[in-house]
Amino acid sequence: MAAVVGIRAWPRPVVLALGTLLVAVCYYAAGRLGLTQQLVAEGAVVTPIWPPTGLAVTCLLLFGPACVPGIAVGALLVVASITPPGPAAIGVVAGNTAAPVCAYLMLRAVGFRTDLARIRDGLALVFLGALAAMLISSGAGVGMLALGGKLPAGDVWFVWLAWWVGDAMGVVIVTPLLLLLYRARRAPPHGRWAEAAVLVVAAGVLVPLATYSRVSMLFLVYPLLIWAALRFQLAGSMPCALLASVTATAAAGDDAGSFGRLTDVEVMVKLQAFNGTMALTALLLSSVISEQLHTRRSVERACQELVEALQHLSAGTPPGPHRRTEDSAPGAPGEEAAPGGS
């Protein structure tokens, strides 16, 4: 606590500079991590999941527009590490900065809540924060590359689609995980540890089997996601989705499992379809279950309050925090007072 108070006591420009540096470093690290899973299709390098977009949207949702300079600096560092500076690189940086800002503004406009406990929050994150906002980054990036002559005209639509889906999957998968980690305050109940351990073991066995098997068995991942969502909501489903996505991407890069004997375009289409449907299933199903659990708890609390009110009304005592209960009434416990007095 003393450290937090000490940091808040620093001059505001220093705090903003440190925050910008931290966001930029995290963005750059996420970008380098995403580039380790890059694939080559039709001569273009694409990433099935681009984690920096999810990180940028999370920072904006949690800390507000003050993170925009850090996002821009981080995007500039990532682009500078893979391509020479130029107008095309500036356009890519501008698109990668504007897309998360647009996602933040749209989510804030519809009353998005970071706990993702409502189905409307899950739908808003998918359709506004991911699919709609990431049209900006993919359009700006591919457009600048095409105008600069660095992208053949015949590959524009394929590269744009892969770019758009990769950015969107970064929001759908990474943002819920980061929001979940930020809200984590305590460990789950002790009785759930055994089931959580079984889920981890099952995921560690089933996901590699499904992705690396020569027989197309990717559908086996979905029962695992349903189990995780039913029992642990986002805390279970999103880590499973991330594990399955990373494993499937590695298998696609090695031309292993059901991704073998396919062309580059077929590999990319199959991988993006799997990642998209799996992430949507995990996120939306978890949101639905969380909303139902919250509604049930609210109904149970309302029923309990109604029962207590009826009990006090039948006993002739007004409900309230300072009411007299039957246990505090004069006389022996369980003994009723005679009507009219003795």
Side-chain angles (χ1 to χ4, degrees), residues 33-42 44-51 54 122 125-126 130-131 158 161-177 180 192 194-289:
L33 181 63
L35 290 174
T36 60
Q37 298 296 327
Q38 64 186 12
L39 299 175
V40 178
E42 296 293 327
V45 178
V46 293
T47 54
I49 301 177
W50 187 238
L125 184 64
V126 171
L131 299 181
F158 173 78
L161 180 62
W163 194 317
W164 176 55
V165 175
D167 284 357
M169 288 304 99
V171 176
V172 173
I173 294 180
V174 176
T175 296
L177 277 174
L180 182 68
R192 305 290 293 278
E195 185 178 2
V198 174
L199 178 62
V200 170
V201 173
V205 173
L206 189 61
V207 170
L209 175 65
T211 53
Y212 279 91
S213 174
R214 285 288 180 180
V215 182
S216 183
M217 301 175 65
L218 293 176
F219 60 88
L220 292 178
V221 174
Y222 292 95
L224 183 69
L225 290 177
I226 295 173
W227 174 22
L230 286 173
R231 300 296 294 163
F232 300 97
Q233 290 79 59
L234 285 174
S237 64
M238 297 314 299
C240 287
L242 179 62
L243 173 63
S245 179
V246 171
T247 307
T249 302
D254 297 335
D255 292 328
S258 59
F259 296 98
R261 302 182 300 275
L262 299 177
T263 64
D264 292 341
V265 174
E266 291 172 341
V267 168
M268 180 57 62
V269 171
K270 185 173 184 177
L271 178 62
Q272 297 287 38
F274 172 70
N275 285 340
T277 55
M278 178 191 55
L280 291 177
T281 299
L283 176 59
L284 297 182
L285 182 58
S286 298
S287 298
V288 169
I289 295 172

Hey, are the side chains of L285 and L225 touching, using non-hydrogen atoms and a 4.5 Å cut-off?
no

Do T211 and T247 meet the criterion of a side-chain donor-acceptor pair at a distance under 3.5 Å?
no

Could you state the interatomic distance from CE (M278) to CG (L218), rounded to the nearest 0.5 Å?
9.5 Å

Give me the one residue out of M268, K270, E266 that meets side chain to side chain contact (heavy atoms under 4.5 Å, CB included) with F259.
K270

Which heavy-atom pair separates A130 from A168 by the least distance, and what is that distance?
CB-O, 3.7 Å

Working to the nearest 0.5 Å, report the span between CG of L180 and CE of M238.
9.5 Å

Considering all heavy atoms, the nearest G122-S287 contact:
CA-OG, 3.8 Å

Any donor-acceptor pair under 3.5 Å linking the side-chain atoms of W164 with those of Q272?
no

What heavy-atom pair brings I173 and P176 nearest, and what distance separates the two atoms?
O-CD, 3.6 Å

Using modelled atom types only, decide if a donor and an acceptor are shared between the side chain of T175 and the backbone of G54 within a distance under 3.5 Å.
yes

Using side-chain heavy atoms (C-beta onward) and a distance below 4.5 Å, is L161 in contact with F158?
no

Please confirm whether the backbone N or O of A241 pairs with a side-chain atom of S245, one donor and one acceptor, at under 3.5 Å?
no

For a 4.5 angstrom cut-off between non-hydrogen side-chain atoms, does N275 reach V165?
no

Heavy-atom closest pair (L243 atom, V207 atom, distance to 0.1 Å) is O-CG1, 4.1 Å

Shortest non-hydrogen contact between L220 and P223, atoms and distance
O-CD, 3.2 Å

Side-chain contact, heavy-atom cut-off 4.5 Å: L224 with L199?
yes

Between atom CH2 of W50 and atom CG of L33, what is the distance when rounded to the nearest 0.5 Å?
9.5 Å

Can you find a pair of side-chain heavy atoms, one from F274 and one from V269, that are under 4.5 Å apart?
no

Determine the minimum heavy-atom distance between A282 and S237, stating which atoms define it.
O-OG, 3.4 Å

Distance, nearest 0.5 Å, that separates CG of D167 from CG of L131
11.5 Å

Is the closest side-chain heavy-atom distance between L283 and L234 below 4.5 Å?
yes

Find the distance between CG (L242) and CE (M169) and round it off to the nearest 0.5 Å.
12.5 Å

Distance (rounded to the nearest 0.5 Å) between L271 CG and T249 OG1
4.5 Å

